[in-house]
4 protein chains.
Amino acid sequence: MEAKSDSAEQEEAVKKPSRRTFTEAARRAQIVNAAIEVIADAGYAKASFARIAREAGLSSTGMISYHFAGKDDLMREVVAEVSRVAEAYVLPRMEERTGARARLRAFIEASVGLAGAYPKHLPAMIDVLAHLRDDDPSRHGLLGTVDSAADVQVERMREAQRSGEFREFDPRVMVTAIRAAIDATVTRAGREPGFDAAAAGRELADLFDHATRSAER
Amino acid sequence: MEAKSDSAEQEEAVKKPSRRTFTEAARRAQIVNAAIEVIADAGYAKASFARIAREAGLSSTGMISYHFAGKDDLMREVVAEVSRVAEAYVLPRMEERTGARARLRAFIEASVGLAGAYPKHLPAMIDVLAHLRDDDPSRHGLLGTVDSAADVQVERMREAQRSGEFREFDPRVMVTAIRAAIDATVTRAGREPGFDAAAAGRELADLFDHATRSAER
Amino acid sequence: MEAKSDSAEQEEAVKKPSRRTFTEAARRAQIVNAAIEVIADAGYAKASFARIAREAGLSSTGMISYHFAGKDDLMREVVAEVSRVAEAYVLPRMEERTGARARLRAFIEASVGLAGAYPKHLPAMIDVLAHLRDDDPSRHGLLGTVDSAADVQVERMREAQRSGEFREFDPRVMVTAIRAAIDATVTRAGREPGFDAAAAGRELADLFDHATRSAER
Amino acid sequence: MEAKSDSAEQEEAVKKPSRRTFTEAARRAQIVNAAIEVIADAGYAKASFARIAREAGLSSTGMISYHFAGKDDLMREVVAEVSRVAEAYVLPRMEERTGARARLRAFIEASVGLAGAYPKHLPAMIDVLAHLRDDDPSRHGLLGTVDSAADVQVERMREAQRSGEFREFDPRVMVTAIRAAIDATVTRAGREPGFDAAAAGRELADLFDHATRSAER
DNA sequence: AATGAATGAGAATTCATTCAT
DNA sequence: GATGAATGAATTCTCATTCAT
């Protein structure tokens, strides 16, 4: 389940994974955030180095190639950054609740709420991940974080089913559906001007509460 | 002989909408199907005319430009074709059921089942639609079919809520969630080799049955 | 000064110069007029077969290739047609005057006036001729008519100089200047909406009357 | 970070208008001169990036796109360069004369004489400007210089008419005629091998001296 | 550590022309 | 006589990446 060793290639792909100076890290962060901005605004397809460099206020695309091993490397960093931000936002909000139902509700509402705090982040990541293909060599690295998060969710659901809090269902299908529903809602929130994200978050939480809870009250 | 340039351009956007030869229709269909294949396999981003032409067994990309007014025109046709196929597959399966619950179930199962019969179609359309941006001029034309289908579903749900068959919820959020869940499941089906689409379809149907039905039996 | 014999090529270039059926002639005329229209409106550079065919109401560009040996052939016909029309318009108006001065004035005013009667013709021809290059094989054929008309004018001027009606000057430079001034004025007339062509014609005639007449009244 | 897309595009039309490197400036000049060469020799229609790149000794057309925002940008620069050269050649020669007649004569002779010093420049510019159409978005930018130069000439003529040095005539028609005559003569000079440009310049100057001067000495 | 210049492959599209029917 | 289909070369332009400085 981890990034196994097609390693020679794999390691080269991430530039200097250790030992990075401060300015280098700052530059990378600057570029990553510009990339998130551009991807969210113009879509992955139009997120060329040229456009990202312009957004970041850099004079040439060479700058980006200098700091990242390639487009894959940059995109990996985009996904990692968004994952980091999302986790920092969602996890605490889940942990202040108890019980599987309350936590699922918190997860969904926080995920949608994230779109209010960081409107570009989730759409950008969704767009990047949507472009991964089976044959893409960076696929495993990129999906690692996301997949393992999903695995955690699946495991939590299984536990809630064993405890009787959730009814019987295929947890993988459920997790897929929840993820997809959140993403679609966040995307709509970004597109439709007057969209009430908080309300939609509550609606989604209700939806999946009904979908998951066991019949016996 | 008058200033006709504006409307001329406008009309050209869709090439010769009426009166098409038999061979032309055949070629167009051949190209559209090749496009669906390529988009599903390699993604919209890599679905260049060159690749589509190769898939279709054509000697040059000029052929595609000859039969379609542009990439937009081709993509519009891809969406239209998939919509046509999907409707022909799903609608009859819904109509042989009665009651909102049974029909919703039929809709979901048929939609996922479609992935068995036409594994490339839905993923291709999803990919095309995902690339539409707000500023894209072809946006409205392409989304017309899809949006109006969603509107119909929303209206059906409102009715089922009035009749007491469905509980109270925001039907737009629900429709968005259902569509997203189906799409994500179909996409997974296309990617994961041993994926049991029929079972996943039943699971999804259960999920949204629980999510929509009113508490009082 | 005539079309000499690079003949094999030259003869092939003009399709079936003799023995043309009535419908063929009609089709050719239709296409030539469409070409004039398009060249005047959009410029020579954008006067593709596709655009001309559309203007002519033809369904395919093949039609044009069928009736003309090539683009050169069509353009030659455009020049010939405009020359024919111009001559038919200008010559009678010159011949009803006597004296070199009156005739020059009539020539200029009629040439500019032609722009009122056939606003597209002269601009189209100017544009076609402007695209001829020295190495262009169709150059001689196309310029034949035009050059010989210029030669006639030069000769007339020489005569008027001998008779004392015109002052001494280089008649070739004068003819070049007159032609260029007429063309530029006609072009302006086509472009500027409120342009008073008749007045400009009289101004031009005055201009070249002053420029040519001998001092002694 | 705001909606900057509109203005960004707008700005891009002219690439990096300020702050250009030395080598960049050199490359641009090299390309512009190659373009002038090609346009004069082969015509605007055949002045493709490929041909210009070959003339400039560049390995790829991408180079040109790298240094210019597009074909418009390059052509704008061609016009600007020729204008610059022409002004530097003509103005001093006018300023060492006094009186409207002498200055007009100097203007015409210098303009034609320019063809001796820079035989390709004027024909290239004429060809570029001839391809501008009313609907061309780059029209204003390109014609700005040229039109304003014409306006200055018109104003000068009006003054000379008030002072009695020039007879009464429509100065716009006159300026148009002069410009057209110069251009046609320069074009002929470029085409006809033995053409005596200096003599033709004197002839043209005579011509317009007669055409403009007032009768009373 | 940074940068501007260069590269060459690949993109969509338009073009005049040919050909079988 | 006429037509629609096909062709393949050529067009401008964008792209990620490399390299010398």
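Lettering follows sequence order; numbering is per chain, from 1.
Rounded to an integer number of Å, the gap from NZ of D/Lys46 to C1' of F/dA9 is 14 Å. The distance from atom CD1 of D/Ile31 to atom C1' of E/dA6 is 11 Å, rounded to the nearest whole Å. Atom CG of C/Asp73 and atom P of E/dA16 are 14 Å apart (whole Å). E/dA9 atom C1' lies 15 Å from atom CZ of B/Arg51, rounded to whole Å. One interatomic measurement links the two molecules: CD of B/Glu24 to P of E/dT21, which rounds to 19 Å at whole-angstrom precision. If you take CZ of C/Phe68 and P of F/dA2, they are 13 Å apart, rounded to a whole angstrom. Rounded to an integer number of Å, the gap from CD1 of A/Ile64 to C1' of F/dC15 is 12 Å. Between D/Gln30 atom CD and E/dA5 atom P the separation is 13 Å, expressed in whole Å.
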Self-check item: Watson-Crick or G-U pairs under 3.5 Å in DNA chain E, rendered as dot-bracket with [ ] for crossing pairs and | for another strand
Solution: .||||||||||||||||||||
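In this structure, A/His67 reaches the E/dA2 phosphate: one of its side-chain N or O atoms is under 4.0 Å from OP1 or OP2. Close to F/dG8, at under 4.0 Å from its OP1 or OP2, lies a side-chain N or O of B/Ser59.
Just one residue in the list C/Asp41, C/Val38, C/Val82 forms a side chain to side chain contact (heavy atoms under 4.5 Å, CB included) with C/Lys120, and that residue is C/Asp41. Checking A/Glu55, A/Glu81, A/Glu77 one by one against A/Ile36, the side chain to side chain contact (heavy atoms under 4.5 Å, CB included) holds for a single residue, A/Glu81. Under the side chain to side chain contact (heavy atoms under 4.5 Å, CB included) test applied with A/Arg76, the options A/Val78, A/Val79, A/Asp72, A/Leu74 reduce to a single match, A/Asp72.
Among the atoms of the strands shown, only primed sugar atoms or phosphate atoms (P, OP1, OP2) are found under 4.0 Å from some heavy atom of A/Ser48. Using a 4.0 Å heavy-atom distance criterion, D/Ser60 is classed as a base contact.
Distances from the side chain of A/Thr61 to the nucleotides F/dT17, F/dA5, E/dA5 place F/dT17 closest. Each of E/dC15, F/dT3, F/dA6 was ranked by its minimum atom distance to the side chain of C/Arg27; first place goes to F/dT3. With E/dA5, E/dT18, E/dA16 as the choices, the nucleotide that has an atom nearest any side-chain atom of D/Tyr66 turns out to be E/dA5. The B/Thr21 side chain lies nearest to F/dG4 when the options are F/dG8, F/dT3, F/dG4.
Note that CG of D/Leu58 and CZ of D/Phe49 are 11.5 Å apart. Values are rounded to the nearest 0.5 Å.
A 4.5 Å side-chain heavy-atom check between D/Asn33 and D/Glu37 finds every atom pair outside the cut-off. Counting heavy atoms from C-beta on, the side chains of A/Ile39 and A/Met75 come closer than 4.5 Å.
Across the interface with DNA chain E, nearest-nucleotide mapping of A/Gly62 and C/Ala50 shows A/Gly62 to be the residue nearer the 5′ end. Toward the 5' end of DNA chain F, the nearer of the two residues D/Ala47 and B/Thr23, judged by each one's closest nucleotide, is B/Thr23. Residue order along DNA chain E, read from the 5' end via each residue's closest nucleotide, puts D/Leu58 first among C/Met63 and D/Leu58.
Between D/His131 and C/His131, the ring planes are perpendicular. Angles over 60° get that label, and only those under 30° would be called parallel.
The backbone N or O of C/Tyr44 lies less than 3.5 Å from a partner atom in the side chain of C/Asp127, making a donor-acceptor pair.
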